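A short write-up of the structure that comes next.
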Amino acid sequence: METRTYQISGRKEDLDILEKALRHIEYLGNIGASRNILIRIDGDGVGRINVKDGNGNKLSDERFNIVQSIEKTVIVGTYDIG
C-alpha cells in the first residue's frame with residue numbers, strides 16, 4: 001500500500017462534505033463492496049477547493065478526461081461541493 005499526503009483548502013462546509021465522501025469510499029473498500037460515488041461540483045466559483053502535494057506544490061495542470069460513463073447506474077452517495 002502507498003501513502004500520499006495532500007494539502008486541501010476550501011470552505012469548511014465543502015471540506016466536511018469531502019471528508020464524508022472519503023469516509024464513504026474507505027467504508028466501501030473495507031467491506032469489499034463495489035459502488036459508484038457521485039461528487040457533484042457546482043461550477044459557480046464558490047467552492048474553490050485547492051489541492052497541493054505534501055510539499056505544498058500545486059498539482060499537475062494536466063487536463064482530465066471529461067468523458068462520462070453511464071454504464072454503471074448504481075450510485076450510493078451524492079456529495080455536493082460548492
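On a predicted model such as this, the values are computed, not experimentally measured, just so you know. What's counted below: heavy atoms across the whole structure, side chains too, no hydrogens, waters or symmetry copies.
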Side-chain (Asn55) to main-chain (Asn57) donor-acceptor, under 3.5 angstrom = no
What is the distance from atom [atom1] of [X] to atom [atom2] of [Y], rounded to the nearest 0.5 Å?
{"X": "Arg48", "Y": "Asp14", "atom1": "CZ", "atom2": "CG", "answer": "12.0 Å"}
{"X": "Arg23", "Y": "Leu28", "atom1": "CZ", "atom2": "CG", "answer": "13.0 Å"}
{"X": "Glu26", "Y": "Glu19", "atom1": "CD", "atom2": "CD", "answer": "12.0 Å"}

ask   = Leu59 and Lys52: which non-hydrogen atoms are nearest, and at how many Å?
value = CD2-C, 4.2 Å
key: Lys/Arg N to Asp/Glu carboxylate O, Lys20 vs Asp16, below 4.0 Å   =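 Asp16 and Lys20: not salt-bridged.
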request  = Report the residues that fulfil side-chain contact (heavy atoms from CB on, under 4.5 Å) with Ile8, sequence neighbours left out, ordered by chain and then residue number.
outcome  = Tyr6, Leu15, Leu18, Ile49, Val51
